Amino acid sequence: MTTGGGTYAVTGSASGMGAAVAASLRDAGHTVIGVDLRDADVVADLSTGDGRKKAAAEVLAKTGGRLDGAVLAAGMGPSKGRERMITEVNVLGVTELLTAWRPALAAADKAKVVVFGSNSTTVTPMVPRGAVRRLINGDTARATKQILRRRGVTAPVAYAASKIAVTQWCRWQGTKPEWAGQGIRINVIAPGPVMTPLLEAQLNSPQAKAVTSFPVPVREFGTPEQLAAWVMTMLSPAADFMAGSIVTVDGGTEALMRTRDWPAPLPLRGIPKLVWKMYRAPKEGQVAKY
Ligand code: NAI
């Protein structure tokens with residue numbers, strides 16, 4: 001458990017798991033700066049560049065230059081026709097905010113960041129790798145174009161691509177000297193189906209069958225409170241020795257469907273890449289590409 005007195009930014013604080021995390025933090029005596037489309041300390045639309053700038057700046061103005069942690073829970077589910085918006089909120093709504101908040105996080109003593117990914121990152125087929133790479137580099141327009149070109153079930157693919165991209169961004173950035181080396185711990189929580197308005201919307205849509213027929217070995221949905229308890233641990237000193245990890249809390253779906261895929265030995269071709277990643281320092285003014 002985190003001891004009280006800290007300041008935390010929570011996006012998606014008005015509903016579901018973001019609301020449950022905000023309540024747990026407040027119960028533990030922390031100050032929460034909630035960001036959402038409504039009912040929040042900072043009302044902003046994370047699907048637009050201006051909205052993200054507003055959210056980043058208004059949160060910083062309320063922190064006094066120091067953030068003990070951030071929880072990025074704002075997100076859109078796989079709703080058809082909104083593929084571009086899904087990628088804007090789920091990817092840039094995390095990466096742009098965290099980049100703006102990095103100095104305030106570095107100013108705290110071992111700040112903790114928890115980003116909401118999803119187990120859809122591991123159980124969705126046909127997600128184009130090129131689209132994921134474009135999303136990590138912030139190009140939502142070309143990524144979405146690539147996804148829409150495939151026709152068929154584009155919204156679940158856009159959703160999974162957005163969550164794969166944001167998860168890989170966290171593992172890429174979170175292990176860099178600018179983040180891990182500055183005391184900031186970025187980790188990802190990957191829920192399976194959790195009973196929130198987002199899941200309810202899916203259960204009331206034409207995708208309902210796909211959701212209910214998906215195998216969940218424990219045979220029940222999760223609750224926002226269960227997920228909030230894991231997030232609270234990931235915000236506590238228990239996470240001091242944790243960077244770039246993915247905590248999957250999904251009733252066993254990922255383990256069932258990907259049993260033999262990981263853990264896996266490091267392929268020999270991975271070693272030079274690893275060394276390159278560890279020692280390559282970006283040149284002055286250079287924008288790092290994934
Ligand atoms: P929810 O729908 O209850 O809450 C999401 C919140 O994000 C809402 O308050 C909504 O207003 C906010 N939001 C959406 N678009 C926004 C925008 N453009 N600007 C600002 N705020 C915006 O959803 P839930 O289930 O609590 O989801 C939390 C996170 O967990 C999301 O990132 C979601 O993708 C992820 N997740 C949810 C799962 C589930 O089964 N519920 C499963 C796996 C991941």
Side-chain angles (χ1 to χ4, degrees), residues 6-23 25-26 30-77 79 81-108 111-117 134-144 158-159 162-163 165-167 169-170 173-174 178-179 182 184 186 188 196-198 201 231 235 287-288:
T7 302
Y8 292 82
V10 179
T11 72
S13 58
S15 173
M17 292 184 267
V21 171
L25 281 167
R26 289 192 177 111
H30 297 294
T31 300
V32 173
I33 306 167
V35 180
D36 210 306
L37 287 169
R38 62 192 156 79
D39 303 331
D41 306 286
V42 172
V43 172
D45 181 355
L46 300 179
S47 72
T48 70
D50 285 348
R52 293 188 290 271
K53 281 199 187 91
K54 177 179 187 270
E58 287 189 15
V59 166
L60 284 178
K62 289 178 189 289
T63 63
R66 181 197 148 111
L67 257 182
D68 295 285
V71 177
L72 290 295
M76 287 185 60
S79 44
R82 294 179 149 190
E83 287 80 357
R84 173 88 186 264
M85 207 191 267
I86 291 168
T87 65
E88 293 272 329
V89 177
N90 295 4
V91 183
L92 303 186
V94 174
T95 59
E96 291 184 4
L97 264 54
L98 284 180
T99 303
W101 294 342
R102 197 185 63 79
L105 291 161
K112 307 289 187 309
V113 174
V114 179
V115 171
F116 273 81
R134 286 185 170 119
L135 289 176
I136 296 171
N137 289 325
D139 190 349
T140 57
R142 288 176 66 194
T144 314
Y159 181 77
S162 75
K163 293 296 188 179
V166 82
T167 301
W169 185 90
C170 290
Q173 292 292 322
E178 303 91 296
W179 297 87
Q182 296 279 315
I184 307 166
I186 306 183
V188 176
T196 67
L198 186 150
V231 172
L235 294 174
V287 179

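As the structure is a prediction and not an experimental result, all values here were calculated from the model.
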Visitor: Which of these passes salt bridge (charged side-chain N to carboxylate O under 4.0 Å, His left out) with Glu96: Arg102, Lys54, Lys53, Arg52?
Guide: Arg52
Visitor: What closest approach, in Å, do Ala73 and Gly18 show between heavy atoms, and which atom pair accounts for it?
Guide: CB-CA, 3.7 Å
Visitor: Using a 4.5 Å cut-off on heavy atoms from C-beta on, say whether the side chain of Glu88 contacts that of Thr48.
Guide: no
Visitor: Identify the two heavy atoms, one from Ala55 and one from Leu46, that lie closest to each other, and give their separation to 0.1 Å.
Guide: CB-CD2, 3.8 Å
Visitor: I need the minimum non-hydrogen distance between Ala56 and Trp101, along with the two atoms involved.
Guide: O-NE1, 3.2 Å
Visitor: When you measure from the side chain of Thr11 to the backbone N and O of Ala74, does any donor-acceptor pair fall under 3.5 Å?
Guide: yes
Visitor: So do Val59 and Leu97 actually touch side chain to side chain, heavy atoms under 4.5 Å?
Guide: no
Visitor: Quick one, Val114 and Val21 - any side-chain contact, counting heavy atoms below 4.5 Å?
Guide: no
Visitor: Does a side-chain heavy-atom distance below 4.5 Å link Leu135 with Thr140?
Guide: yes
Visitor: Looking only at heavy atoms, which two atoms of Val91 and Ala165 are closest? And how far apart?
Guide: CG2-CB, 4.3 Å
Visitor: Between the side chain of Asp36 and the main-chain N/O of Ala14, is any donor-acceptor distance below 3.5 Å?
Guide: yes
Visitor: Any side-chain heavy-atom pair from Thr99 and Trp169 closer than 4.5 angstrom?
Guide: yes
Visitor: State, to 0.1 Å, how close Cys170 and Val115 come at their nearest heavy-atom pair, and which atoms those are.
Guide: SG-CG2, 3.6 Å
Visitor: Give me the atom names and distance for the closest heavy-atom approach of Trp179 to Leu98.
Guide: CH2-O, 3.3 Å
Visitor: Going by distance alone, is a donor N or O of one side chain under 3.5 Å from an acceptor N or O of the other, for Asp45 and Ser47?
Guide: yes
Visitor: Measuring from atom CG of Leu198 to atom CZ of Phe116, what distance do you get when rounded to the nearest 0.5 angstrom?
Guide: 11.5 Å
Visitor: Would you tabulate the side-chain donor-acceptor contacts of residues 61-70 under 3.5 Å, counting partners in other chains and residues two or more places apart, or write 'none'?
Guide:
{"residue": "Thr63", "atom": "OG1", "partner": "Leu60", "partner atom": "O", "Å": "2.8"}
{"residue": "Thr63", "atom": "OG1", "partner": "Gly65", "partner atom": "N", "Å": "3.0"}
{"residue": "Arg66", "atom": "NH2", "partner": "Asp68", "partner atom": "OD1", "Å": "2.6"}
{"residue": "Asp68", "atom": "OD2", "partner": "Thr7", "partner atom": "N", "Å": "2.8"}

Visitor: Kindly determine whether Tyr8 and Val71 satisfy side chain to side chain contact (heavy atoms under 4.5 Å, CB included), including the steps that lead there.
Guide: CA-CA 8 Å; Tyr8 292 82; Val71 177; 5.5 Å; no
Visitor: Is the number of heavy atoms from other residues, nucleotides or ligands within 6.0 Å of CZ (Arg82) greater than 12?
Guide: no
Visitor: Do you see a donor-acceptor pair shorter than 3.5 Å between the side chains of Thr144 and Glu83?
Guide: no
Visitor: From Ile86 CD1 over to Lys163 NZ, what is the distance, rounded to the nearest 0.5 angstrom?
Guide: 10.5 Å
Visitor: Answer whether the closest heavy-atom distance between the side chains of Leu235 and Leu25 falls below 4.5 Å.
Guide: yes
Visitor: Would you compute the distance between atom OG of Ser13 and atom CG of Asp41 and round it to the nearest 0.5 angstrom?
Guide: 6.5 Å
